[in-house]
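Here's the structure we're looking at; comments come further down.
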Number of protein chains: 2
Amino acid sequence: MLSIGTLARETGTKVQTIRYYEQIGLMPEPDRSEGGQRRYGRDELDRLAFIRHARQLGFHLDAIRELLNLADHPDQSCAAADSIAQRQLRQVEQRIARLEALRTELKRMVHDCEGGTLADCRVIEVLRDHSECLTDHTHIGA
Amino acid sequence: MLSIGTLARETGTKVQTIRYYEQIGLMPEPDRSEGGQRRYGRDELDRLAFIRHARQLGFHLDAIRELLNLADHPDQSCAAADSIAQRQLRQVEQRIARLEALRTELKRMVHDCEGGTLADCRVIEVLRDHSECLTDHTHIGA
DNA sequence: TCGGATACCTACAATCGCTGTAGCTTCAAG
DNA sequence: CTTGAAGCTACAGCGATTGTAGGTATCCGA
């Protein structure tokens with residue numbers, strides 16, 4: 001029987017985050033001690049580890065919910081899980097492509113800046129004048 | 001004298017976003033028409049274009065605030081602006097590295113999945129068992 | 001067995017960078 | 001002068017946490 005703190009430590013999760021997962025129904029309501037504290041077993045540990053791993057792979061909580069449903073019904077076809085992972089892979093590849101474009105432009109900015117005064121600073125200038133920009137940044141969002 | 005809608009169109013920004021930037025002090029409070037509607041000039045247009053471009057390069061609003069302060073004082077040294085850009089470049093490079101690791105792992109997951117039932121599904125399995133994981137995912141955050 | 005440190009509890013607010021809504025007023029074209 | 005688009009304020013919501021305040025439980029050493 002694990003306390004929430006132990007579970008947190010084992011899975012590299014914050015305590016608050018575990019309670020949040022419970023609140024949104026991603027983790028089940030666990031047993032409680034006499035005093036009302038949460039007590040977890042191995043199942044919950046595994047489930048949380050699954051969630052965290054998927055999060056680290058960049059899956060949204062919605063996708064994780066789907067994957068958990070799938071994992072709970074092992075008789076179904078693999079296709080659904082696979083398509084979620086493929087969607088995720090495509091998203092990761094898109095993000096990489098976008099970031100590589102940003103990297104190019106930032107490198108150029110930094111490289112061209114030769115440490116005079118701000119009046120001639122390439123960094124400021126490039127930001128000021130979009131037309132100098134090679135990158136197609138349509139809709140980036142961090 | 002530009003309306004907020006025109007400004008939005010010219011810079012590819014939503015009207016709400018412009019008002020939000022004003023609210024957090026990133027854009028100045030503009031003049032108003034007799035009826036109380038915002039009227040902008042060229043300065044504000046340039047400033048907003050600068051902000052949007054920096055956002056597209058992934059700069060946080062805090063960093064943009066710094067860059068704008070710097071841009072307003074062209075006599076100072078360029079070093080501060082350069083170091084902000086370099087920090088940004090490093091962050092982008094880190095993100096790329098992390099995403100590339102994810103891509104590798106996702107590719108492996110997807111590739112190994114050969115369309116049986118979920119009981120043998122690599123996608124689920126890899127997520128379940130972190131020890132199969134090649135990636136160092138310290139703190140990813142999408 | 002007691003005391004105190006630590007961990008836990010609930011409930012709620014804040015983060016970041018917007019975006020959407022409701023209910024009203026102003027503007028510009030016909 | 002009318003009408004419809006665009007503007008106004010104020011506020012709520014997103015996703016995925018994280019932090020706070022104020023109180024309770026648990027555990028370990030003395």
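A note on names: the letters A, B, ... follow the listed sequences, proteins ahead of strands, and every chain is numbered from 1.
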Next item on the list: Determine: side-chain N/O of B:Lys14 to OP1/OP2 of C:dG20, distance under 4.0 Å, yes or no.
Entry: yes
Next item on the list: Answer yes or no: is there a donor N or O on one side and an acceptor on the other, between the side chain of A:Glu66 and the main chain of A:Ile84, under 3.5 Å?
Entry: no
Item checked: A:Glu44 side-chain N/O to A:Gly41 backbone N/O, donor-acceptor pair under 3.5 Å -> yes
Note to self: In whole Å, I'd like the distance from the CD1 atom of B:Ile24 to the C1' atom of C:dT15.
What the structure shows: 13 Å
Next item on the list: Calculate the interatomic distance between A:Gln56 atom CD and D:dA16 atom P; express it in whole Å.
Entry: 15 Å
Check: Quick one: do B:Arg42 and B:Asp46 make a salt bridge, cutoff under 4.0 Å?
Finding: yes
Checklist line | Protein-nucleotide distance (B:Asp31, atom CG; D:dC8, atom P), rounded to Å | finding: 13 Å
Check: Quick one: is A:His60 getting a side-chain N or O under 4.0 Å of the D:dG15 phosphate, OP1 or OP2?
Finding: no
Next item on the list: Describe the nucleic acid contact of A:Arg38 in one word from base, sugar-phosphate, nothing, applying a heavy-atom distance below 4.0 Å.
Entry: sugar-phosphate
Margin query: Counting only side-chain nitrogens and oxygens, does A:Arg52 get under 4.0 Å of the OP1 or OP2 atom of D:dT17?
Written below: yes
Note to self: Looking at B:Gln88 and B:Gly58, would you say the former's side chain and the latter's main chain have a donor-acceptor pair under 3.5 Å?
What the structure shows: yes
Item checked: Closest-nucleotide ordering on DNA chain C, the 5'-leading residue of B:Tyr20 and A:Arg39 -> A:Arg39
Note to self: Under 4.0 Å from OP1 or OP2 of D:dT17: is there any side-chain N or O of A:Tyr21 that close?
What the structure shows: yes
Next item on the list: Flag the pair B:Gln86 / B:Arg90 as yes when at least one side-chain heavy-atom distance between them is below 4.5 Å, and no otherwise.
Entry: yes
Next item on the list: Identify whether any heavy atom of B:Arg65 sits under 4.0 Å from a base atom; if not, whether one sits that close to sugar-phosphate; answer base, sugar-phosphate or nothing.
Entry: nothing
Check: So, is A:Ser3 near the phosphate of C:dC8, with a side-chain N or O under 4.0 Å from OP1 or OP2?
Finding: yes
Next item on the list: Could you tell me the separation between the CD atom of B:Gln37 and the C1' atom of C:dC24, rounded to a whole number of Å?
Entry: 12 Å
Margin query: Rounded to whole Å, please give me the gap between CZ in A:Arg55 and C1' in D:dA16.
Written below: 6 Å
Check: Between A:Thr17 and D:dT18, is there a side-chain N or O to OP1/OP2 distance below 4.0 Å?
Finding: yes
Notebook entry, point to check: For B:Glu34 and B:Gln16, take the nucleotide of DNA chain C holding the closest heavy atom to each; which residue's nucleotide lies nearer the 5' end?
Noted result: B:Gln16
Next item on the list: Would you indicate what B:Arg9 reaches in the nucleic acid, counting non-hydrogen atoms under 4.0 angstrom: base, sugar-phosphate, or nothing?
Entry: nothing
Notebook entry, point to check: Below 3.5 Å, does any donor atom in the side chain of A:Gln23 face an acceptor in the base of D:dT17, or the other way round?
Noted result: no
Next item on the list: Could you tell me whether A:Ile4 contacts a base, only the sugar-phosphate backbone, or nothing, with contacts defined as non-hydrogen atoms closer than 4.0 Å?
Entry: sugar-phosphate
Item checked: Between P of C:dC16 and CZ of B:Phe59, the distance in whole Å -> 18 Å
Note to self: Can you see if the side chain of B:Arg32 gets near the phosphate of D:dT9 - specifically, an N or O under 4.0 Å from OP1 or OP2?
What the structure shows: yes
Note to self: Quick check on D:dA10: is either OP1 or OP2 less than 4.0 Å from any side-chain nitrogen or oxygen of B:Arg19?
What the structure shows: no
